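In listed order, ligands and their atoms are each counted from 1. Every value quoted in this text rests on a predicted model; they were computed, and no experiment measured them. For the numbers below, each heavy atom of this structure counts, side chains included, while hydrogens, waters and symmetry mates do not.
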Amino acid sequence: MESVEQLLERLVTGVIRDRIGADAPAAVRPCGNPKFGDYQVNGILPIAKVEKKNPRALADLVAAAAAQPLAAIAEPPTVAGAGFINVKLKPGFVASRLPQALANPRLGVPAASPARTIVLDFSAPNVAKSMHVGHLRSTIIGDSIARTLRFLGHRVITDNHIGDWGTQFGFLVHGFKQEKLDLASATDPIAEMERVYRKYYGASEADPSIREAAKAELVKLHADDSENLALWKKLRDLSMPAFERVYQRLGARFDHTLGESFYHPRLPGVVAGLKGKGLAEDSEGAVCVFFRDVPALKDKPFLIQKSDGAFLYPTTDLATLQYRVETWQPGEIIYVTDSRQKLHFQQLFETARRWGHADLKLAHVTFGSVLGEDDKPIKTRSGEPIKLGQLLDEAERRAMEIVEAQNAELPAETKREIARVVGLGAVKYADLSQNRINDYVFSWPKMLAMQGNTAPYLQYAYVRIRSIFRKGSMEHGARSMEPGAVVLADPAELDLAKFILRFPEAIELATEDYRPNFICSYLYDLACKFSAFYEQCPVLKAGEPTRASRLMLCQLTAGVLRQGLDLLGIQTIEQM
Ligand code: ARG
């Protein structure tokens with residue numbers, strides 16, 4: 001189903017082609033000020049510039065010519081400013097679109113065309129450590145992008161590129177050999193791994209022999225020494241259930257968890273291949289890719305093999321990229337990591353381009369830090385990173401306090417479920433509603449507030465609408481509605497109706513530059529518009545046909561809220 005914006009774009013672009021002979025887009029966008037119209041045509045000024053014509057005169061011409069093709073959709077378009085055209089939708093047109101959105105499985109959001117194969121690389125914690133708050137952002141931003149692209153009909157392959165082959169294993173293997181611990185019987189194996197790592201890594205700073213021993217164990221591991229491999233595998237396998245538990249709680253899903261170790265056998269081939277093509281060269285015993293012709297990377301070579309023969313993070317990422325291309329033939333690969341890895345991905349993408357992957361779209365989706373109330377990256381009191389599992393526990397505990405205060409009489413099971421959905425939703429929404437490139441301050445009271453741009457506010461808006469249906473003894477509401485039966489007489493209901501039809505635009509903005517915060521602000525505005533409508537317009541007490549029409553607005557609002565929250569990985573509940 002074409003969105004309203006797409007429909008206007010198509011029609012006005014046609015007018016521009018026929019009347020001006022220009023092959024240029026109408027560039028229809030929502031109007032900044034609803035007083036002037038619902039949409040505006042921004043494409044006239046650039047055309048006037050190219051054609052060396054007066055923009056105002058061109059706009060007059062296009063506006064007059066567009067009146068007829070738009071007659072069923074909009075009032076006669078008007079010209080404003082230097083050459084913009086304003087379009088105000090007719091209530092009758094809006095009314096006719098609503099039943100279509102209701103009957104549409106995507107609530108009126110057009111399917112992606114063409115659908116593409118997209119590999120999404122996110123979360124990617126390092127094994128033998130617990131996931132901490134730093135992994136929160138990559139996991140939930142990545143999961144939201146995956147959900148949104150899938151919703152649009154793309155084939156999305158999520159791959160958790162866990163760090164299971166890094167230098168930490170030198171210290172771990174060395175440490176565990178010294179300690180002779182039986183890890184399998186430990187109640188918290190990850191805590192044991194962290195303790196051993198800290199102890200031996202810490203000691204190595206004063207005692208170089210430990211650093212040497214750890215390095216020797218790592219070299220043996222990377223040379224497939226069977227004892228070290230067995231120990232490594234045990235450490236890796238014992239780490240996975242804890243990751244799994246966090247993913248399950250967050251609702252994040254991975255199709256694959258190949259991890260760095262998977263690519264180990266391919267690394268020599270990658271280096272040889274790049275050297276063979278003249279893309280990498282020996283440099284002081286090491287092997288590097290140089291970007292002498294790229295100003296920003298001029299003196300920043302990509303190190304793919306050290307002088308001692310060891311391969312590095314870049315080598316693994318090149319092998320990973322090659323494997324993904326061979327295996328899934330994606331049109332795009334998206335990596336979600338914090339902004340400190342910017343240079344690495346610039347180098348990786350530039351190398352890939354030269355390596356023959358110029359047609360592959362590569363995107364690095366970065367984000368800022370989570371800050372504590374003191375504006376510094378958030379830590380526990382003792383200065384440790386906050387464990388993700390504990391953070392989620394606390395979210396649920398705090399949400400439970402609110403539920404107890406408001407709904408003490410509910411059955412314990414129900415209260416727990418509400419607290420889970422509200423607590424986790426609050427944490428995710430607080431993160432996703434920010435422009436991802438910024439740092440943000442983590443604040444429990446703010447994210448759990450029932451008022452303002454928060455998950456609990458949106459979840460409550462949904463609950464409120466669902467209760468209208470329960471009061472009216474209609475569990476599900478109507479599944480379809482006759483196009484002629486919708487009445488939009490009150491300004492508040494027309495305003496809400498138009499905004500419901502703008503869901504596709506929010507999704508488009510959110511996918512354009514991988515910014516889930518556009519979905520958040522849309523849902524918040526939708527909930528506010530619903531609130532205004534509900535204050536203004538009686539629903540169950542209204543006479544027919546107004547009652548059925550307003551019920552449909554309620555149903556569509558609930559449907560969009562639920563779907564929109566789902567794209568953020570946030571659940572809804574029936575009561576709270
Ligand atoms: N394990 C890495 C880290 O913790 C993130 C990996 C991101 N993905 C990638 N293909 N490099 O920093």
**OP:** Measure from NZ or CZ of Arg292 to the centre of the six-membered ring of Phe290 and say whether it is under 6.0 Å with the direction within 45° of the ring axis.
**Re:** yes
Counterpart residues, side chain to side chain donor-acceptor pair (under 3.5 Å), relative to [X] (two or more places apart):
X      : answer
His364 : Thr337
Thr117 : Arg155
Glu417 : Arg420

Subject >> 4.5 Å side-chain heavy-atom contact, Leu183 and Met193 >> reply: yes
Subject >> salt_bridge(Arg253, Asp143) N-O dist < 4.0 Å >> reply: no
**OP:** At a heavy-atom distance under 4.0 Å, which protein residues reach ligand 1? Sort them by chain and number, would you?
**Re:** Asp121, Ala124, Asn126, His161, Tyr313, Asp317, Tyr335, Thr337, Gln341, Phe345
